[in-house]
A.B. asks: 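Here it is: the structure, laid out below.
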Amino acid sequence: MKYDVIVIGSGPGGYISAIRAAQLGSKVAIIEKYSTLGGTCLNVGCIPSKALLDSSHHYYDAVHHFEEHGISVEKPSFDFGKMVARKANVVETTTGGIKYLMDKNNIDVFEGLGSFEDATHVKVTKNDGSSEVIEGTNIIIATGSKPSSLPFISIDKERVITSTEALKLKEVPKHLLVIGGGVIGLELGSVYKRLGADVTVIEYAPTITPTMDKDVSKELTKVLKKQGMKFNVSHGVTSVERNGEEVIVKATNKKGEEVTFTGDYCLVSVGRRPYTEGLALEKAGVKVTERGMVEVNDHLQTNVSNIYAIGDVVRGAMLAHKAEEEGVVVAEYLAGQKPHIDYNLIPGIVYTWPEVAAVGKTEQELKEAKVDYKVGKFSMRALGRSRASGDIDGFVKVIADKNTDEVLGVHMVGARVADLIMEAAVAMEYRASAEDLARICHGHPTYSEAVKEAAKAAWDGQPLNA
């Protein structure tokens with residue numbers, strides 16, 4: 001069977017790429033080794049984690065905030081099994097939607113492990129051992145990533161776990177140890193903290209969310225500590241051992257002293273690595289980097305001209321929405337169009353509560369690049385909408401060029417900033433100034449007014465409500 005485009009992997013990058021290629025007139029096949037479409041994001045990542053985050057947030061509000069709103073309930077309780085079942089239902093509905101989209105766009109779906117025979121032929125090995133070979137004029141690698149670990153850690157998937165297992169535990173941990181203070185560790189740590197677990201985060205860097213703006217990391221640390229999470233930064237983990245139902249983690253602090261942590265579960269969330277196992281890239285002659293990423297040029301084209309790669313398997317942030325954009329870019333490029341993607345404007349989001357969101361440059365990056373900049377900040381607690389909802393933690397920070405006033409970066413902590421950040425991304429796509437943002441009429445009362453106020457603070461140093 002011959003196709004114009006074969007996509008290997010059905011995560012957000014893969015399935016979106018397949019849809020866009022089909023929309024533009026290509027005959028498309030997609031290969032997925034699992035029985036459900038959607039990849040990590042839909043099955044064991046973005047979607048199920050948000051389902052549990054929302055469920056645990058409702059419970060946390062019932063326990064801690066209903067009373068201040070004048071709502072009296074008997075002591076709230078939760079059924080963890082039902083929460084997990086609801087999560088599974090959300091996943092099933094979402095992955096089913098992807099199957100519908102494949103059918104709608106006449107995309108042939110092959111279930112099995114895709115591996116190269118050569119640069120234009122891919123073998124699909126099915127679970128029953130049978131196989132078939134399909135031919136593609138162009139092939140897109142979209143196989144994503146898997147959780148990373150440390151060389152000395154043995155992941156037993158029972159007590160020493162990755163994010164995959166953390167999303168389907170049978171019980172709420174008594175004390176969850178989290179190795180890694182990045183997005184995954186903080187989100188899943190938040191789920192179980194809200195449900196009553198003690199949560200201790202052990203992070204090698206001097207701050208949590210180490211790649212984000214330092215003001216964001218500082219604020220998030222403060223509010224999560226207030227919620228009861230414990231943080232141990234500048235701690236390098238040296239060993240993880242399981243003893244029955246107990247996990248012992250040893251680490252060295254910044255003074256060089258050994259510190260021991262004990263819990264009943266340990267979540268290892270130290271990042272993710274590109275997943276290319278079983279692809280047989282060598283048969284197609286595709287090059288990979290020392291870190292295992294597929295090498296690509298600015299068009300996401302590998303060293304083999306008809307083979308492309310997108311998403312977590314190539315350089316850049318491992319984000320579902322980045323993979324989607326790359327999938328669209330490749331599909332349109334193959335159709336003879338001239339798409340573009342601005343990697344500086346891909347937002348980063350942490351779905352704790354309050355949420356965290358950022359786009360563009362951090363203050364630290366601009367300092368390193370010796371760019372003259374100015375900063376405007378506005379506290380969420382100064383907003384009428386925040387006081388009305390009780391979500392007063394956080395701020396919006398706008399960084400603009402000191403000479404041109406162009407917005408260079410926007411960093412937020414607060415309620416619904418995961419959605420709010422797109423105002424900043426749109427503004428920056430069109431190279432708006434801080435004054436432009438400040439002069440746009442924002443609805444009142446809304447959380448978005450914090451963007452207007454922070455932009456005004458960056459523009460002329462005079463926010464109206466602070």
Side-chain angles (χ1 to χ4, degrees), residues 10-12 14-15 32-64 76-101 144-147 155 157-178 180 182-199 201 224 227 229 264-269 272 312 318-321 323-324 349-356 415-416 418-419:
S10 72
Y15 88 75
E32 173 55 57
K33 71 174 184 174
Y34 294 113
S35 58
T36 56
L37 303 174
T40 293
C41 177
L42 273 65
N43 289 279
V44 290
C46 322
I47 301 303
S49 65
K50 302 314 163 280
L52 286 181
L53 278 160
D54 278 345
S55 293
S56 61
H57 189 190
H58 288 314
Y59 172 72
Y60 187 86
D61 273 350
V63 173
H64 297 278
S77 61
F78 64 88
D79 184 327
F80 187 58
K82 279 188 178 178
M83 281 190 184
V84 173
R86 175 186 175 273
K87 178 263 301 181
N89 185 57
V90 170
V91 168
E92 184 180 349
T93 302
T94 309
T95 56
I98 307 305
K99 180 64 173 69
Y100 162 78
L101 290 171
S145 62
K146 293 288 182 183
I155 305 287
K157 299 187 178 183
E158 294 175 352
R159 295 283 168 175
V160 182
I161 59 176
T162 69
S163 56
T164 301
E165 294 77 45
L167 288 165
K168 52 185 181 184
L169 291 180
K170 304 294 185 188
E171 63 179 357
V172 175
K174 297 180 182 68
H175 188 178
L176 177 65
L177 305 177
V178 179
V183 177
I184 295 169
L186 296 179
E187 288 184 357
L188 291 174
S190 290
V191 167
Y192 290 111
K193 180 61 199 168
R194 293 168 187 168
L195 299 179
D198 286 332
V199 176
V201 177
L224 292 180
Q227 292 171 18
M229 289 177 72
D264 56 337
Y265 287 89
C266 176
L267 168 62
V268 181
S269 55
R272 298 180 66 84
D312 289 5
M318 290 185 173
L319 298 168
H321 43 285
E324 289 182 357
I349 302 166
V350 189
Y351 293 89
T352 50
W353 195 265
E355 294 172 336
V356 179
R416 301 300 172 202
D419 302 293

A.B. asks: Name all residues meeting the ring-ring contact (aromatic ring centres under 6.0 Å, His included) criterion together with His57; count only those two or more places apart in sequence or in a different chain, and write none if there are none.
C.D. replies: Trp353
A.B. asks: Can you measure from CG (Leu37) to OG1 (Thr94) and round to the nearest 0.5 angstrom?
C.D. replies: 12.0 Å
A.B. asks: Please report the shortest heavy-atom distance between Met83 and Leu52, naming the atom on each side.
C.D. replies: O-CD2, 3.9 Å
A.B. asks: Apply the test side-chain contact (heavy atoms from CB on, under 4.5 Å) to residues Val268 and Val160: give CA-CA distance (whole Å), side-chain angles for both, the deciding distance (0.1 Å), then the verdict.
C.D. replies: CA-CA 7 Å; Val268 181; Val160 182; 4.0 Å; yes
A.B. asks: Roughly how far, to the nearest 0.5 Å, is the CG atom of Leu267 from the CD atom of Glu165?
C.D. replies: 9.0 Å
A.B. asks: Counting distance only, does the side-chain N/O of Ser10 pair as donor-acceptor with the main-chain N or O of Gly38 below 3.5 Å?
C.D. replies: yes
A.B. asks: Between Asp61 and His58, does the side-chain contact (heavy atoms from CB on, under 4.5 Å) criterion hold? Intermediate values first, please.
C.D. replies: CA-CA 5 Å; Asp61 273 350; His58 288 314; 5.6 Å; no
A.B. asks: Shortest non-hydrogen contact from Val199 to Gly189?
C.D. replies: CG2-O, 3.5 Å
A.B. asks: Residues two or more places apart in sequence or in another chain: which of them pass ring-ring contact (aromatic ring centres under 6.0 Å, His included) with Tyr59?
C.D. replies: Phe78
A.B. asks: With a sphere of 6.0 Å drawn around CD of Glu171, does it hold more than 12 non-hydrogen atoms of other residues, nucleotides or ligands?
C.D. replies: yes
A.B. asks: For Lys87 and Lys168: C-alpha separation, side-chain torsions, deciding distance, then whether side-chain contact (heavy atoms from CB on, under 4.5 Å) applies.
C.D. replies: CA-CA 9 Å; Lys87 178 263 301 181; Lys168 52 185 181 184; 4.3 Å; yes
A.B. asks: Counting distance only, does the side-chain N/O of Asn43 pair as donor-acceptor with the main-chain N or O of Val91 below 3.5 Å?
C.D. replies: no
A.B. asks: Distance from Ile161 atom CD1 to Leu167 atom CG, nearest 0.5 Å?
C.D. replies: 9.0 Å
A.B. asks: Quick one: does Glu324's side chain have a donor or acceptor within less than 3.5 Å of a partner on Pro12's backbone?
C.D. replies: no
A.B. asks: Look up atom SG in Cys41 and atom NE2 in His321, then write down how far apart they are to the nearest 0.5 Å.
C.D. replies: 10.0 Å
A.B. asks: Hey, what do you get for NE2 (His175) to SG (Cys266), rounding to the nearest 0.5 Å?
C.D. replies: 10.0 Å
A.B. asks: Indicate yes or no for a side-chain donor-acceptor contact from Arg159 to the backbone of Asp264 under 3.5 Å, with no hydrogens or angles considered.
C.D. replies: yes
A.B. asks: Taking only residues at least two apart or on different chains, which pairs with a member in residues 188-199 satisfy side chain to side chain donor-acceptor pair (under 3.5 Å)?
C.D. replies: Ser56-Arg194
A.B. asks: Can you give me the closest heavy-atom contact between Ile155 and Thr162, atom names plus distance?
C.D. replies: CG2-CG2, 3.9 Å
A.B. asks: Can you list the steps and then say if Arg272 with Ile184 is a side-chain contact (heavy atoms from CB on, under 4.5 Å)?
C.D. replies: CA-CA 10 Å; Arg272 298 180 66 84; Ile184 295 169; 4.2 Å; yes
A.B. asks: Quick one: closest heavy-atom pair of Gly185 and Ser269, and the distance?
C.D. replies: CA-OG, 3.4 Å
A.B. asks: As an exercise, state the distance from CD1 of Ile98 to OG1 of Thr93, rounded to the nearest 0.5 Å.
C.D. replies: 11.5 Å
A.B. asks: Should Phe80 and Leu195 count as side-chain neighbours, where that means a heavy-atom distance under 4.5 Å?
C.D. replies: yes
A.B. asks: Which pair of non-hydrogen atoms, one from Ala51 and one from Arg86, has the smallest distance, and what is that distance?
C.D. replies: O-NH1, 3.4 Å
A.B. asks: For the residue pair Ser49 and Leu188, what are the closest heavy atoms and their distance?
C.D. replies: CB-CD2, 4.5 Å
